[in-house]
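Here is the naming used below: chain letters follow the sequence lines, and residue numbers restart at 1 for every chain. Just so you know, these numbers come straight off a predicted model, no measurement behind them.
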Amino acid sequence: MNSFDAFKDPKLCRALLDRLLAEADQPLRFMEVCGTHTVSIFQSGLRSLLPATITHVTGPGCPVCVTHESEVACFLELAKRDDVIIATFGDLMRVPGPKGKSLKTAQADGARVEIVYSPIDALAVAAANPGRTVVFLGVGFETTAPAVAATIRLAREQNLKNFRVLCFHKLVPPALEALLADPETNIDAFILPGHVSAIIGAAPYAFLADRYHVPSVITGFEPLDILSALLEIVAMRKSGQPAVVNAYTRVVADSGNPVARAVMDEVFVPVDALWRGLGLLPGSGLVIREAFADFDAMRLPGVTLPDAPPLAGCRCGEVLKGKMAPNECPLFDKACTPATPVGPCMVSTEGGCAAFYKYKLDL
Amino acid sequence: MDKVLLDYGSGGRASHRFVADLFFKHLGNDILARMDDAAVLSLTGPVAMSTDSFVVDPIFFPGGDIGSLAVHGTVNDVAMMGARPLYLTCGFILEEGLPMDDLARIVASMGEAARAARVRIVAGDTKVVPRGAADKIFINTTGIGEIMVDPAPSGHRAAVGDVVLVSGNMGDHGLAILSTRAGLSFDAPVVSDSASLGGLVGKLLAAVPGVHVLRDPTRGGLATTLNEIAGQSNVGIEINEADIPVDPAVAGGCSILGLDPLYLANEGKFLCILPEPQAQAALAVLRADPLGSGAVAIGRVTAEHAGKVAMVTPLGGKRLLGMLEGEQLPRIC
Amino acid sequence: MCLAVPMEVIAINDKIADVEIGGVTRQVRLDLIDAAPALGDFVIVHAGFAIRRMDRDDAMETIKLFQEGLGLELI
């Protein structure tokens with residue numbers, strides 16, 4: 001067994017689980033902020049094993065499913081142009097915009113859409129199609145934004161004239177702030193996203209403990225990581241001393257990754273941004289700086305962020321704030337399913353509602 | 001000629017030459033050679049029949065090509081009904097401009113696959129469509145075979161207490177195809193498992209005729225296939241995650257792309273559901289054959305949660321193993 | 001949210017490394033990593049970029065702490 005496999009060792013995890021069962025004697029509602037944590041908690045079967053006192057509230061899922069309808073409408077308009085090739089992460093393909101349109105339906109209507117694993121692969125698409133403009137859809141949190149920023153720098157180095165990024169990156173701490181700023185939010189503790197933290201470090205979360213007194217733990221994605229984070233949270237609640245703890249030290253430095261942050265800051269600048277289901281959150285998004293304007297798809301002639309009506313009946317905001325479980329939403333498994341997702345929580349395979357739908361046995 | 005021309009599908013002399021030179025050469029047998037409007041076959045007892053169309057991209061992939069796949073896919077579907085596959089028909093839709101060398105390779109590969117599977121191709125058709133009206137080559141095959149056991153295995157026959165076996169690693173074909181896709185470039189030491197299962201199924205049923213269900217987990221993978229069976233038989237199926245065989249390279253490739261190997265296609269594996277007392281005998285037959293050397297038991301049929309598939313995780317938790325909405329897409333989150 | 005996997009560095013060529021998991025290899029960019037990895041190191045890979053070097057000693061230490069804390073025999 002190598003040192004990384006040990007993090008899913010059933011024997012070790014069972015022992016930790018037993019300790020958690022013994023120590024979690026008070027009710028605890030925790031939210032994981034990261035969709036990969038959501039999936040890990042469901043997929044490992046951990047959710048079915050947690051003590052009855054512990055309630056798992058699924059968080060905003062992933063940065064893709066919080067892509068706002070008007071942002072979707074914006075890239076679907078671009079996809080219609082004959083001279084444009086859209087390059088995207090696969091996650092965005094089914095994210096619906098107004099009237100249920102998505103990149104999947106755009107493809108059926110004749111749009112050219114290339115799914116890539118890395119933004120770097122989109123540069124190759126641009127190089128191979130000099131007659132067209134390749135627009136990469138820049139979505140993702142602080143983990144992904146530096147990769148896209150580095151790609152834009154490379155495009156400049158390679159003097160690629162037909163590569164642009166439509167930048168809809170989002171930032172995690174402002175969203176957490178918005179969740180907690182609502183006095184009705186019912187969350188006792190956070191499990192913080194390991195890979196976002198690998199970039200930003202621990203400091204940007206300090207307000208969670210300082211101002212809102214919510215114990216929070218940065219952790220990894222194996223069952224042992226999640227169990228140890230829960231034990232840490234239970235201990236902090238007992239001691240009455242909430243803090244932000246980094247329990248993912250094998251990957252996350254408290255100071256994060258300054259090189260990646262520098263690349264991100266060189267290319268992007270924070271702005272207020274629209275979140276699906278949550279609305280406009282101050283300072284929660286990124287746009288491309290003036291210095292890289294030539295690579296900004298938002299600055300192509302005729303590109304706008306159209307108004308989109310709010311999603312009728314969608315209660316994702318309440319699900320995200322822990323006021324409501326996914327299956328308590330009137331749309332769940334009726335108007336809103338993985339085939340016809342309405343809000344962010346159902347849109348991504350990692351959204352709270354989608355995970356609930358996909359993995360929960362006793363519905 | 002080095003490329004397929006529209007004329008080849010015209011029915012005129014060019015078509016005749018084309019068919020004689022290529023198709024008879026590789027696929028020929030005494031029934032096909034009669035060149036009547038239909039093949040005349042003699043069959044006895046109940047028969048199983050199946051049809052499938054093959055549109056795989058790329059047409060040549062690690063471990064196979066669209067030609068061998070078109071034979072294996074249909075042969076396997078017929079075999080899963082407990083039948084001995086005997087005859088195939090094939091229909092080709094060719095895109096104008098398809099390199100003749102590619103077509104020759106594909107037809108030769110079909111001929112080889114058919115001989116290895118001991119089936120004869122007894123009827124065929126070729127159409128050529130203008131450039132852009134099809135993507136290189138599409139192949140439809142229809143197969144027929146005589147059912148060997150009574151009652152025949154069926155998706156409706158899974159019974160509470162039965163054991164679920166799989167014949168080997170899951171997801172090889174799906175990952176082999178993905179590894180060739182532009183934009184996902186990675187190198188994986190994985191080849192498609194595309195193979196004819198008719199012979200192995202014959203041996204299995206000769207030794208263990210009481211098999212309840214046979215099915216090949218092709219599109220949608222193991223997870224989708226199990227869900228179909230749970231629904232058809234109105235039973236629960238419970239499988240142990242730790243027991244499901246997955247090649248480390250398939251697991252590795254899936255972890256990079258954010259995919260689940262249990263939803264990836266297989267083209268040379270099957271699952272077998274049968275009464276527990278016969279499970280060891282079945283495993284012995286499977287493991288003695290190269291195509292079943294990785295056979296293992298992965299779970300059992302339950303009365304609980306009828307119509308659903310439950311996965312018992314290594315931690316001892318339980319979760320739903322559902323059907324997917326559409327194809328799996330590589331993801332970053 | 002952010003799918004990232006530990007992969008082993010098997011070759012380094014300036015800003016690009018070949019990395020491997022389970023026999024699957026792929027190239028990743030090193031533009032973002034804050035400490036240059038060495039051959040045999042594990043890096044966390046996200047969307048084609050290595051974002052952090054993984055600290056194996058730290059991982060072993062974490063596991064050891066849990067095993068000792070829980071009174072389990074060492075693996």
Side-chain angles (χ1 to χ4, degrees), chain A residues 1-4 6-7 9 11-12 15-16 18-19 33-38 59-64 89 116-121 140-144 146-151 153-154 172 193-196 198-199 221 224 228 247 249-253 256-260 263-264 348 350, chain C residues 1-9 13-37 40-75:
Chain A
M1 181 178 297
N2 74 35
S3 48
F4 304 131
F7 286 87
D9 176 37
K11 205 167 125 203
L12 199 48
L16 271 186
D18 287 343
R19 176 162 296 188
V33 182
C34 166
T36 304
H37 277 142
T38 317
C62 79
V64 175
F89 296 129
V116 293
Y117 160 72
S118 167
I120 292 288
D121 300 329
F141 288 144
E142 291 91 332
T143 321
T144 316
V148 175
T151 304
R153 286 203 322 190
L154 270 171
V172 167
H195 296 137
V196 164
I199 305 294
F221 301 88
L224 185 136
S228 64
T249 47
R250 66 185 189 276
V251 170
V252 176
N257 176 341
V259 172
V263 175
M264 181 163 68
S348 163
E350 317 231 312
Chain C
M1 104 189 70
C2 302
L3 192 78
V5 286
M7 296 179 79
E8 186 175 352
V9 177
N13 187 358
D14 192 23
K15 284 271 172 66
I16 295 173
D18 291 345
V19 293
E20 187 256 321
I21 181 170
V24 174
T25 56
R26 126 134 234 158
Q27 290 196 330
V28 294
R29 300 279 319 181
L30 300 175
D31 309 62
L32 302 176
I33 202 154
D34 54 341
D41 276 352
F42 281 76
V43 289
I44 296 283
V45 174
H46 173 72
F49 285 80
I51 57 170
R52 287 282 294 169
R53 195 179 73 88
M54 205 148 171
D55 189 335
R56 213 182 322 198
D57 295 340
D58 184 283
M60 306 265 271
E61 191 57 33
T62 306
I63 293 293
K64 220 170 101 189
L65 277 176
F66 279 118
Q67 285 168 333
E68 285 168 3
L70 295 164
L72 293 176
E73 59 194 90
L74 297 183
I75 294 169

Visitor: So which of Val148(A), Leu154(A), Val263(A) has the biggest tally of heavy-atom pairs under 4.5 Å with chain C?
Guide: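 The answer is Leu154(A).
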Visitor: Kindly indicate whether the side chain of Ile120(A), heavy atoms from C-beta on, has any atom under 4.5 Å from the side chain of Phe49(C).
Guide: yes
Visitor: Within this structure, what is the CG-OG1 distance for the pair Leu224(A) and Thr62(C), rounded to the nearest 0.5 Å?
Guide: 8.5 Å
Visitor: Is it the backbone or the side chain of Arg29(C) that comes under 4.5 Å from a heavy atom of chain A, or both, or neither?
Guide: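 Just its side chain gets close to chain A.
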Visitor: Quick one: are Phe221(A) and His195(A) in side-chain contact, heavy atoms under 4.5 Å?
Guide: yes
Visitor: Give a yes or no on whether a salt bridge exists between Asp58(C) and Arg52(C), defined as a side-chain N under 4.0 angstrom from a carboxylate O.
Guide: no
Visitor: So which residue, Ile33(C), Leu32(C), Ile44(C), Ile51(C), ends up with the most heavy-atom pairs under 4.5 Å with chain A?
Guide: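 Maximum pair count with chain A is reached by Leu32(C).
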Visitor: What part of Ala253(A) is in contact with chain C, defined as an atom under 4.5 angstrom from a non-hydrogen atom: side chain, backbone, both or neither?
Guide: both
